[in-house]
Amino acid sequence: MQPIMAVQIEHICKSFGSQQVLRDVSLAIPQGQVVGLLGPNGAGKSTLMKILIGLWSADKGTVSVPPRIGYLPENNPLYEEMYVAEYLEFMAKMSNVKSQMTKELIELVGLTPEKHKHIRELSKGYRQRVGLAQALLGDPQLLILDEPTTGLDPNQLVEIRALIRDLGKERTVILSTHIMQEVREMCDRVVILDHGQIKADRLFTEIEDLETLFRSATLNS
C-alpha cells in the first residue's frame, strides 16, 4: 500500500532578479514523517519554506500541501507587551480557533508556569514555545519550522528537540537547519539542499555517517 503524501513538490524554480535561488526542486513527503532540510546558509531553505506556506509563489513547477499548515519563522515575531495566555488567545481569535485550544496548547508545549508573564520577560526557549503554540493553533496537518533552535542554550535545546519529536508523532514536520546535530536528534529523514538544488535525500536508517554524506553532497556545489 502506497503511503499518502502530505507534501508533493514537482520541479519548482524560484529566482529573484538574476539570482536563481531554487533550481528544479522535486520532493515528496508522506504523512507523519519528520524531515530535516539541511544545508549551508544561502542554500535556499527559507525560500522553499516560504513557497510551501504560500507566502511566495514559485516561478515554475507545482506544490501540493495540506490545507492546514503551522509555521514558525526563524525570527519568531511576538507581541512582547502581551501576556503569554493573552497573546495566544488573541491569535486564536484572529485565526477563528476556539479559545479552549489555547489552554490545551499552553499545557502541551510546557508554558503553564509562564502563562501569566509578559512575553518580554521570557527566555529565548520559552519564546520558542510560544511560537510553537501559535504554529499549532488550528491543529495543522503540516508543521514547518525555520531554524527552530537558533540561540537556545544547551538545556533549552534538549527541551525543544524533545517537544518537536513529540509533535512529529501526530503530524508531518519539516524543519530547516544548517546544524547536523539537529536533524540527528529530531528527524526521520534528511534532505540536503545546496545552491538551490537537492543534493541528497535519505532516510536516517540508510545513513552511516551524516557528515560524510553532507560533505560529498555539497563538495562540488
Take atom [atom1] of [X] as the centre, draw a 6.0 Å sphere, and report whether it contains more than 12 heavy atoms from other residues, nucleotides or ligands.
X    : atom1 : result
E80  : CD    : yes
Y79  : OH    : no
K124 : NZ    : yes

So do [Y] and [X] actually touch side chain to side chain, heavy atoms under 4.5 Å?
X    : Y    : answer
Y71  : L52  : no
E121 : E114 : no
Q141 : T172 : no
E147 : M49  : no
L167 : V109 : no
L78  : Q134 : yes
L108 : L132 : no
L48  : I9   : yes

Between the side chain of [X] and the main-chain N/O of [Y], is any donor-acceptor distance below 3.5 Å?
X    : Y    : value
S216 : L213 : yes
Q128 : P148 : yes
N76  : R127 : yes
Q156 : D153 : yes
D194 : A43  : no

Heavy-atom pair of closest approach, residues [X] and [Y]:
X    : Y    : value
F90  : M82  : CB-CE, 3.8 Å
M180 : F214 : CE-CD2, 3.4 Å
P140 : A135 : CG-O, 3.4 Å
L210 : R184 : CD2-CG, 4.0 Å
G44  : V21  : CA-CG1, 4.0 Å
D146 : S176 : OD1-OG, 3.4 Å

Item checked: L27 and V7: CA distance, side-chain angles, deciding distance, side-chain contact (heavy atoms from CB on, under 4.5 Å) verdict -> CA-CA 8 Å; L27 185 64; V7 176; 5.8 Å; no

Following the transitive rule for hydrophobic clusters with a side-chain heavy-atom cut-off under 4.5 Å over Ile, Leu, Val, Met, Phe, Trp and Tyr, establish whether [X] and [Y] coincide in one cluster.
X    : Y    : result
M5   : I12  : no
L142 : M101 : no
L143 : L152 : yes
M186 : V35  : no
I207 : I29  : no

Approximate separation, where rounding is to 0.5 Å, of [X] [atom1] and [Y] [atom2]:
X    : Y    : atom1 : atom2 : result
R129 : L122 : CZ    : CG    : 11.0 Å
L72  : I164 : CG    : CD1   : 8.0 Å
D201 : S26  : CG    : OG    : 11.0 Å
L175 : L145 : CG    : CG    : 6.0 Å
K14  : T47  : NZ    : OG1   : 8.5 Å
L22  : H195 : CG    : NE2   : 13.0 Å

Next item on the list: Please test K60 against D24 for salt bridge (Lys or Arg N to Asp or Glu O under 4.0 Å), starting from the C-alpha separation and ending with a verdict.
Entry: CA-CA 8 Å; K60 296 179 182 178; D24 195 28; over 6 Å; no

Item checked: side-chain contact (heavy atoms from CB on, under 4.5 Å) assessment of L157 paired with E182 -> CA-CA 9 Å; L157 275 174; E182 297 295 276; 4.1 Å; yes

Next item on the list: With side-chain hydrogen bond (donor to acceptor under 3.5 Å, both in side chains) as the test, would you mind laying out the steps for S46 and E74 before giving the verdict?
Entry: CA-CA 9 Å; S46 292; E74 181 179 2; 4.8 Å; no

Item checked: Pair E104-E107, side-chain contact (heavy atoms from CB on, under 4.5 Å): steps then yes or no -> CA-CA 5 Å; E104 296 169 358; E107 184 175 351; 6.0 Å; no

